[in-house]
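Let me begin by presenting the structure, written as structure tokens, before commenting on it.
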2 protein chains.
Amino acid sequence: MSTVAKAVSLLETLGADISELGLAELAGRVGFDKTTTRRLLISLIECGLVEQDERSRCYRLGAGISRLALLREAQFPFLRTATPTVERLAQETGETVHLSEYSSRGLVSVHVVESTKANRVSVPVGMILPLHATASGIALLAFARKKLRDAVAEGPFPAFTRHTVSAPEELSKLIEAARARGYSTSTQGFEEGVFSVAAPILGVDGIAIGALAIATPQVRIRKGDIERHGAAVAAGASEIGEHLFGLLPSSAHAAAQPQRARARI
Amino acid sequence: MSTVAKAVSLLETLGADISELGLAELAGRVGFDKTTTRRLLISLIECGLVEQDERSRCYRLGAGISRLALLREAQFPFLRTATPTVERLAQETGETVHLSEYSSRGLVSVHVVESTKANRVSVPVGMILPLHATASGIALLAFARKKLRDAVAEGPFPAFTRHTVSAPEELSKLIEAARARGYSTSTQGFEEGVFSVAAPILGVDGIAIGALAIATPQVRIRKGDIERHGAAVAAGASEIGEHLFGLLPSSAHAAAQPQRARARI
DNA sequence: AACCGCCGTTGCGAATAACGAAATCAACAC
DNA sequence: GTGTTGATTTCGTTATTCGCAACGGCGGTT
């Protein structure tokens, strides 16, 4: 295990837990020696990525993390660009809408607007969504590089509910359907009683870089809701893609949305 | 130099530059061997903190960075809490308002609302502000631990303009004045022609964790503006502090703002 | 006031991860 | 085809990191 991987797993652990952590607790969770843990923490503190409470000696994520994220957002304004669309969709549908971005580690949920209804779906920001078990994941896979699809098809299929996809054929069927319709669906694949619809956000080369999804309690689904929500996320997702890539290089051809046609699948 | 420090300096470099960077360029900038740089990058990619463009082979900050920042924000909602106050102040004053948070590496600018006027001060988000040369830095120092003040008083005083503070006595005088008034001022200390007013945002123990500032072109300053802006940032900053720490432990005593009285200086 | 527990600190032999020169490979221009 | 630039791989050496164990210190407890 490389040193940076160790350092990052410390950061992950600090991010995962709600409360601040002491040295021993932290070392125990990540499975490193106390000395090693502390040496890494000191390095991270010097870089500003971790802070230590002077009084309780507990560790937490530092402002350097936020700084790096802000610098990234300045270069690639995914959140700033997508947020208005997410809010609007939440307003229009009255349901929970969430936005996710793909990274090598998985599909991370980056923005969520929860429904105002009492019975609603809640998605924590920063959560990593399994590709095979969520509508967002299926939408992403439908417009991903073949390499990634194959990797997921091979891999294990951790079951989150009794309805989670568990075979490559089943997965591939969902993916094909999503590609044909432009949006994906998932019924209780990740959480009991939750129904989701998602559409991919496409990058310049037609490869999905994220997903936009609507999640509702299954009991609330009425006839026509699926198609209506599907059309909404598809429109929202391509709107986000156009804003993202239309503005940066040349905003002239934004309306033509030529990306989708060029998708290498 | 520790391995994690190297990895972080890679992240910093990727964040600093506008355009994406190739391996050779990146290795040159950080001063590591090409092989070393690449090995670190691969580790970072596996952790999701860096992404590589498939086509151009260029590297950029990854979604994992944003994810960690979102997890941090969930634990300690500094931005979410402070943003409304910043926006309101910008509205009320018509000038550029910016918010910064302290970390071991310095005072980082985390949110900025620029004035709508043509002649205005611009502050890039993610920038690190020098403690001795900015109003925000002085405000922070006035309510910082003695250790930090001493460290800054000793250290070098990089000059950004002809007016930058350059002696410990001068600095200490500014700090004393800021502590007495509750807000600090800086005249062209960091940038020619810019005048700033700032107030500290205090943590539970009365130690400053950040600052709120108004920055205006010096030529626009009229009689009474300084006092007016000073009162505004002081009120805004303590409002932010109360919201941040009033909500978490017990919101009952928020109005009493007992933190300021307990300041250990 | 004495105790206990936990955190931080130090030293050192062993392990291993990082290092960097050089060779290979890929893409592109001419 | 050939030359150039830059990314990637290989491998022996080196230096860093690892982790055990023991010590010192602060805070909270009894």
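Note: hydrogens, waters and symmetry copies are ignored here, and every other heavy atom, side chains too, is used. Chain naming here is simple, since letters A, B, ... match the order of the sequence lines and numbering starts at 1 in each. As the structure is a prediction and not an experimental result, all values here were calculated from the model.
Between the C1' atom of C:dC6 and the CG atom of A:Asp53 lies a distance of 16 Å, rounded to the nearest Å. In this structure, A:Lys6 atom NZ and C:dA15 atom C1' are separated by 11 Å, rounded to whole Å. D:dT17 atom C1' lies 16 Å from atom CE of B:Met1, rounded to whole Å. Between B:Leu23 atom CG and C:dC25 atom C1' the separation is 14 Å, expressed in whole Å. We find that CD of B:Glu20 is positioned 13 Å from P of D:dA7, with the value rounded to whole Å. As a whole-Å value, the separation of A:Leu26 CG from C:dG8 C1' is 14 Å. Rounded to whole Å, the distance from CG on A:Leu41 to C1' on D:dT17 is 15 Å. Rounded to whole Å, atom P of D:dT17 lies 12 Å from atom CD1 of A:Ile42.
No donor-acceptor distance shorter than 3.5 angstrom exists from the side chain of A:Glu51 to the backbone of A:Tyr59, with no hydrogens or angles considered. With hydrogens and angles disregarded, no donor-acceptor distance shorter than 3.5 Å links the side chain of B:Glu101 to the backbone of B:Leu107.
Taking only side-chain atoms of B:Ala24, from C-beta outward, the nucleotide of D:dG19, D:dA7, C:dA18 with the closest atom is D:dA7.
Summary of the strand contacts: A:Ser2 and A:Gly22 both lie near DNA chain C, and taking for each the nucleotide with the nearest heavy atom, the more 5' one is attributed to A:Gly22. Two residues, B:Ser43 and A:Glu25, neighbour DNA chain C, and the one matched to the more 5' nucleotide by heavy-atom proximity is A:Glu25.
A sub-4.0 Å separation between OP1 or OP2 of D:dA7 and a side-chain N or O of B:Gln52 is absent. Under 4.0 angstrom from either OP1 or OP2 of D:dA7 there lies no side-chain N or O belonging to B:Arg57. Within the 4.0 Å cut-off from OP1 or OP2 of C:dG8, at least one side-chain nitrogen or oxygen of A:Tyr59 is found. Distances shown here put a side-chain N or O of B:Thr3 below 4.0 Å from the OP1 or OP2 atom of D:dT17. Within the 4.0 Å cut-off from OP1 or OP2 of D:dT9, at least one side-chain nitrogen or oxygen of B:Arg38 is found. Proximity of B:Lys34 to the phosphate of C:dC19: no side-chain N or O atom is located under 4.0 Å from OP1 or OP2. Contact check, A:Arg39 against D:dT17: no side-chain N or O comes under 4.0 Å of OP1 or OP2.
For B:Arg67 and A:Ser103, the side-chain atoms include no donor-acceptor pair closer than 3.5 Å.
Taking the six-membered ring where tryptophan is involved, the planes of B:His132 and B:Phe157 are perpendicular, since the angle between them exceeds 60° and thus also 30°.
Between the side chain of B:Thr35 and the base of C:dA21, a donor-acceptor pair under 3.5 Å is found.
The shortest non-hydrogen separation linking B:Ala198 to B:Ala213 is CB-CB, 3.7 Å.
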